[in-house]
Amino acid sequence: MIKFEHISKRFGSLEVLKDVTQQVSQNEIVSLIGPSGSGKSTLLRCMNLLEVPSSGRILFKGEDITAKGVNINTHRQKMGMVFQHFNVFPHMTVEKNITMAPVNVKKMDKEKAHIKAMELLDRVGLKDKADVKPVKLSGGQKQRLAIVRAMAMEPEVMLFDEPTSALDPEMVGEVLEVIKDLAKTGMTMMIVTHEMGFAKEISDRVFFMNNGVIAEAGTPGKIFEEPDNDRLKEFLSKVL
Amino acid sequence: MGTAMESTMAGNIMRVLKDYSGLFVQGIGFTLLLAFIAVTFGTIFGTFVALLKMSSNKIASFIGTAYIELFRNTPLLLQLYIFMFLLPEIGINLSPFAAVSVGLVLNTTAYISEIIRSGIQSVDHGQTEAARSLGLSHVQTLRMVVLPQAMKNILPALANEFVTDIKETSLASTFFVGDLMTTYRTINGATFLTLEPLFIAGVIYFVLSFTLSKLVAYLERRLRA
Ligand SMILES: Nc1ncnc2c1ncn2[C@@H]1O[C@H](COP(=O)(O)OP(=O)(O)OP(=O)(O)O)[C@@H](O)[C@H]1O
Ligand SMILES: [Mg+2]
């Protein structure tokens with residue numbers, strides 16, 4: 001579904017991604033793990049071109065979205081993204097946070113968007129918060145809102161960048177539950193995470209990133225039980 | 001002797017107020033009108049100049065920056081003189097009031113564009129990223145996500161710019177455009193009194209500026225609450 005070929009990314013003289021090639025299939029759930037600064041976020045953000053690769057190309061369902069003249073906005077509609085710091089819109093009610101993009105980008109009928117938003121809120125236990133502003137929400141609630149906001153666009157892929165890293169420990173579970181529910185629907189997902197237990201449980205494959213490359217990719221069983229890469233072994237010994 | 005002079009002055013002030021109150025009211029009107037024109041059009045053009053300056057296009061960004069620096073680093077009075085003489089030169093014949101308005105608007109545009117730019121940049125970049133990741137265009141993101149949040153910082157600063165402009169417009173009296181300082185000059189010409197009409201004008205400026213600033217500060221606290 002997503003293929004990335006020979007992706008490199010430089011910030012000035014710093015080479016953050018070095019000739020990375022991999023792919024993610026339809027319905028596949030891939031976790032990206034690795035030490036801080038290894039390029040996980042950058043790789044994920046390249047998928048919807050929040051970062052533009054310095055070289056290489058990204059194929060989304062066979063179409064090169066890095067080509068000149070491609071309308072990236074239409075592709076971003078098909079890729080939902082969830083951020084570490086939620087980035088919910090503080091000036092809009094919870095309901096408006098969700099309906100804003102479908103109504104303005106997809107030109108969805110307001111009434112239809114509202115019904116859909118309420119359904120989604122119900123699914124994540126936030127129905128009674130529809131009319132409040134996000135300041136009134138806890139971190140876990142904000143992140144659940146951010147997830148359904150992305151879902152409202154009916155994306156084909158979901159990208160998560162450390163969705164639970166900014167949460168108080170007691171709120172991590174509720175957000176992981178929502179992501180697991182999403183997994184059951186067959187959603188294609190890429191998840192950057194430091195929650196190794198979660199990665200092990202939810203992923204079809206795990207990419208271990210180190211120093212700008214995917215140093216090892218494989219099933220959770222392989223990555224966590226029989227790692228080959230020395231840096232991965234060292235990493236696991238620290239985090240497990 | 002001191003008391004004699006004071007009492008003449010008090011008498012003169014009363015007399016000026018009585019004879020020329022209509023002129024002062026008119027002066028206040030023109031001063032407020034000029035400030036209003038400057039801030040209103042300055043906001044429209046200033047938004048545009050701010051976007052130019054923030055553009056990723058180097059030429060656009062240079063033009064925006066050059067505009068701002070040019071107007072902020074030369075005196076307003078000089079700019080007003082230049083517009084006064086330049087406009088007829090290039091075949092645009094405006095009344096002094098209109099010509100001064102053009103000058104004030106262009107000058108205020110430079111200051112307001114910086115207000116708008118810093119307002120926009122005060123909004124967390126994550127907001128833009130979230131909006132773009134949902135498929136919103138650059139313009140939609142600005143309109144629906146960034147600007148509404150930037151307003152919290154922009155509005156009080158714009159109101160303060162209005163207060164500043166009330167004082168700045170006094171420079172326009174050089175061209176007799178009917179503002180509060182023009183009122184002083186008219187009265188001075190007719191009565192040869194200087195300090196008395198100046199004091200009156202000063203008190204009016206102070207009251208306008210002081211009350212409006214306090215009002216802005218109050219609204220700002222409300223907005224942030
Ligand atoms: N916009 C940027 N400008 C300059 N350098 C950047 C930028 N974004 C990321 N970097 C650098 O790129 C490297 C990789 O960053 P990235 O955020 O992808 O790492 P990460 O694996 O997600 O780390 P973490 O686990 O800490 O989130 C880091 O050294 C970072 O400082
Ligand atoms: Mg990261």
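Note on naming: letters A, B, ... go to the chains in the order of the sequence lines (proteins, then strands), and numbering restarts at 1 for each one. Fair warning: this is a prediction, and the values are worked out from it, not measured in the lab.
A pairwise comparison of heavy atoms in A/A150 and B/L134 identifies CA-CD2, 4.1 Å as the closest pair.
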Under 3.5 Å, what donor-acceptor pairs does chain B form with chain A?
residue	atom	partner	partner atom	Å
B/G126	O	A/N87	ND2	3.1
B/Q127	NE2	A/V88	O	2.8
B/E129	OE1	A/R45	NH1	2.8
B/E129	OE2	A/R45	NH1	3.3
B/E129	OE2	A/R45	NH2	2.6
B/R132	NH2	A/N73	OD1	3.3
B/Q140	NE2	A/N104	O	3.2
B/M144	O	A/H91	NE2	2.9
B/Q149	NE2	A/H91	ND1	3.4

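Atom CD1 of B/I59 is surrounded by 12 or fewer heavy atoms from other residues, nucleotides or ligands within 6.0 Å. For B/F62, the CZ atom counts as loosely surrounded, since its 6.0 Å shell holds 12 or fewer non-hydrogen atoms of other residues, nucleotides or ligands. Applying the 6.0 Å contact sphere to CZ of B/F41 captures no more than 12 heavy atoms from other residues, nucleotides or ligands. No more than 12 heavy-atom neighbours from other residues, nucleotides or ligands sit within 6.0 angstrom of OH on B/Y218.
Of the atoms belonging to A/V82, not a single heavy atom falls under 4.5 Å from chain B. Only the side chain of A/M153 comes within contact range of chain B, with heavy atoms under 4.5 Å apart. Contacts between A/F89 and chain B at a heavy-atom distance below 4.5 Å involve backbone atoms as well as side-chain atoms.
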Review item, side-chain donor-acceptor pairs of residues 75-87 of chain B, under 3.5 Å, at least two apart:
residue	atom	partner	partner atom	Å
B/Q79	OE1	B/N107	ND2	2.7
B/Q79	NE2	B/F71	O	2.9
B/Q79	NE2	B/T74	O	3.1
B/Q79	NE2	B/T74	OG1	2.8

